[in-house]
Trainee: 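Quick one: structure below, then a few questions.
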Amino acid sequence: MRLQDDDRGSTCDAAGVDADNRGGARRATEHLLSSGRRRVATITGPMDLEASVARHHGFGDAKAMAGLRSDWVEQADFSPEGGARAMTRLLAVHPDLDAVFVGSDNMAAGALRALKAHGRRIPDDVALVGFDDLAIAQQTEPSLTTMSQPIRALGHEMATMLIRLMEGENPSPIILPTRLVVRGSAPAALLST
């Protein structure tokens, strides 16, 4: 059974715990738009996964609120190589893109490599935001602006929920907030060139 969490449109299975994938993706895209970017694309993960779908919807929400089309989309497999291939496909169709929201940091690392290989400067020509705040986000050059998931809180809430289920309770689903971590790939003060 699927339950809608709140007006953000986040969903979680009954008795599930998740991060706010949709709200986080919306915030990431809003960050790109607030810096003056208007030709914003996205690279999603596999669309048979709930997190990928939610992040894609969050991207679309932000673009719709800004009065922009949200059809600049490529799908990848959560790997750096998949992110690089998706970025190359996006550049072939939309060579004038000026920002990309990428549905995971691993894919964003690959997308960043592909952008550089195509002569794009990050963040001057193309700003980039990932999702997850994995270690790789701090190892790229420039480091990735990303949405951080509350990993410890997710683990704590999952353990608590499991205990409640074992005790015969029927707990409600929990959606935890994500947090924007601004780094070099999409600084707040950068304006579109």
Side-chain angles (χ1 to χ4, degrees), residues 2-34 40-63 73-80 82-83 86-87 99-112 123 127-140 142-165 171-188:
R2 312 233 4 105
L3 299 175
Q4 193 138 17
D5 178 52
D6 59 22
D7 62 303
R8 294 175 302 202
S10 296
T11 58
C12 184
D13 291 326
V17 178
D18 203 355
D20 184 8
N21 290 297
R22 186 171 184 160
R26 183 179 63 239
R27 176 69 187 104
T29 306
E30 288 170 347
H31 177 73
L32 292 167
L33 294 168
S34 72
V40 184
T42 189
I43 297 173
T44 72
M47 295 305 283
D48 59 343
L49 298 176
E50 183 178 329
S52 297
V53 171
R55 292 173 191 181
H56 179 252
H57 286 308
F59 166 79
D61 293 344
K63 294 275 301 248
V73 180
E74 279 294 334
Q75 185 175 323
D77 62 4
F78 285 129
S79 72
M87 187 73 255
V100 186
F101 165 63
V102 187
S104 82
D105 290 343
N106 285 328
M107 292 189 302
L112 191 143
L128 194 71
V129 177
F131 203 108
D132 294 323
D133 199 20
L134 301 176
I136 196 169
Q138 295 183 55
Q139 298 165 357
T140 61
S143 57
L144 289 172
T145 295
T146 186
M147 294 306 298
S148 179
Q149 295 194 60
I151 300 300
R152 286 182 191 260
L154 284 166
H156 173 76
E157 292 295 342
M158 286 178 194
T160 301
M161 186 168 288
L162 179 59
I163 291 167
R164 291 179 65 197
L165 286 167
S172 298
I174 297 172
I175 302 293
L176 298 175
T178 55
R179 177 179 55 89
L180 180 68
V181 179
V182 177
R183 296 193 181 105
S185 69

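Please read these numbers as outputs of a predicted model, since none were measured by experiment. As a basis for the values below, the full set of heavy atoms in this structure was taken, side chains included, without hydrogen atoms, waters or symmetry mates.
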Trainee: What heavy-atom pair brings Asn21 and Ala51 nearest, and what distance separates the two atoms?
Mentor: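 Shortest heavy-atom separation between Asn21 and Ala51 comes out as ND2-CB, 3.9 Å.
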
Trainee: Do Thr42 side-chain atoms and Val73 backbone N/O form a donor-acceptor pair below 3.5 Å?
Mentor: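 No, because the side chain of Thr42 does not come within donor-acceptor range (under 3.5 Å) of the backbone of Val73.
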
Trainee: Rounded to the nearest 0.5 Å, what separation is found between the CG atom of Leu49 and the OG1 atom of Thr44?
Mentor: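 One finds 9.5 Å between CG of Leu49 and OG1 of Thr44.
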
Trainee: Taking atom NE2 of His56 and atom CG of Asp61, what is their separation to the nearest 0.5 Å?
Mentor: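 If we round to the nearest 0.5 Å, His56:NE2 and Asp61:CG are 10.0 Å apart.
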
Trainee: Is the Phe101 ring parallel, tilted or perpendicular to the Phe59 ring (thresholds 30°, 60°)?
Mentor: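 If you compare the ring of Phe101 with that of Phe59, the planes turn out parallel.
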
Trainee: What heavy-atom pair brings Ala86 and Glu74 nearest, and what distance separates the two atoms?
Mentor: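 Taking every non-hydrogen atom into account, O-CG, 3.7 Å.
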
Trainee: As a quick check of understanding, evaluate side chain to side chain contact (heavy atoms under 4.5 Å, CB included) for Ser79 and Asn106, giving each step before the final call.
Mentor: CA-CA 5 Å; Ser79 72; Asn106 285 328; 5.9 Å; no

Trainee: Only counting residues at least two apart or in another chain, list the ones meeting side-chain hydrogen bond (donor to acceptor under 3.5 Å, both in side chains) with Gln149.
Mentor: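 side-chain hydrogen bond (donor to acceptor under 3.5 Å, both in side chains) list for Gln149, sorted by chain: Asp132.
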
Trainee: Search all heavy atoms of Leu33 against all heavy atoms of Ala62 and return the closest pair with its distance.
Mentor: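 Scanning both residues completely, I find the closest heavy atoms to be CD1-O, 3.7 Å.
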
Trainee: Would you name the heavy atoms of Leu128 and Ala111 that are closest together and state the gap between them?
Mentor: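 That closest heavy-atom pairing would be CD1-CB, 4.5 Å.
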
Trainee: Using a 3.5 Å distance criterion without hydrogens, assess whether the side chain of Lys63 forms a donor-acceptor pair with backbone atoms of Thr29.
Mentor: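 Side chain of Lys63 to backbone of Thr29, a donor-acceptor pair under 3.5 Å: no, none is there.
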
Trainee: Rounded to the nearest 0.5 Å, how far apart are CD1 of Ile136 and OG of Ser143?
Mentor: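 If we round to the nearest 0.5 Å, Ile136:CD1 and Ser143:OG are 12.5 Å apart.
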
Trainee: Output all residues satisfying salt bridge (Lys or Arg N to Asp or Glu O under 4.0 Å) with Asp105, sequence neighbours left out; order by chain, then residue number.
Mentor: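 Residues passing salt bridge (Lys or Arg N to Asp or Glu O under 4.0 Å) with Asp105: none at all.
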
Trainee: So which heavy atom on Pro142 is nearest to which on Leu112, and how close?
Mentor: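 Looking at all heavy atoms of both residues, the shortest contact is O-CD1, 3.8 Å.
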
Trainee: Tell me which donor-acceptor pairs under 3.5 Å the side chains of residues 177-184 have, and how far apart each pair is, sequence neighbours excluded?
Mentor:
unit_1 : atom_1 : unit_2 : atom_2 : d
Arg183 : NH1    : Asp133 : OD1    : 3.1
Arg183 : NH1    : Leu144 : O      : 3.1
Arg183 : NH2    : Asp133 : OD1    : 3.0

Trainee: Nearest 0.5 Å, please: how far is CD in Glu157 from CG in Leu162?
Mentor: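 The CG atom of Leu162 sits 12.5 Å away from the CD atom of Glu157.
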
Trainee: Please check this pair: side chain of Ser34 against backbone of His31, looking for a donor-acceptor N/O pair closer than 3.5 Å.
Mentor: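 Such a contact is found between Ser34 side chain and His31 backbone.
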
Trainee: Would you find a donor on one side and an acceptor on the other, under 3.5 Å apart, between the side chain of Arg55 and the backbone of Gly103?
Mentor: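 Between the backbone of Gly103 and the side chain of Arg55 there is a qualifying donor-acceptor contact (under 3.5 Å).
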
Trainee: Is there a donor-acceptor contact under 3.5 Å from the side chain of Ser185 to the main chain of Ala127?
Mentor: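 Side chain of Ser185 to backbone of Ala127: no pair is present.
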
Trainee: Quick one: OG on Ser52 to NE2 on His57, what's the gap to the nearest 0.5 Å?
Mentor: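 Between Ser52 OG and His57 NE2, I get 11.0 Å after rounding to 0.5 Å.
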
Trainee: Within this structure, what is the CG-CD1 distance for the pair Asp20 and Ile174, rounded to the nearest 0.5 Å?
Mentor: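 These two atoms lie 13.5 Å from each other.
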
Trainee: Mind listing the closest non-hydrogen atom pair of Met147 and Ala28 along with its distance?
Mentor: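 Looking at all heavy atoms of both residues, the shortest contact is CG-CB, 3.8 Å.
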
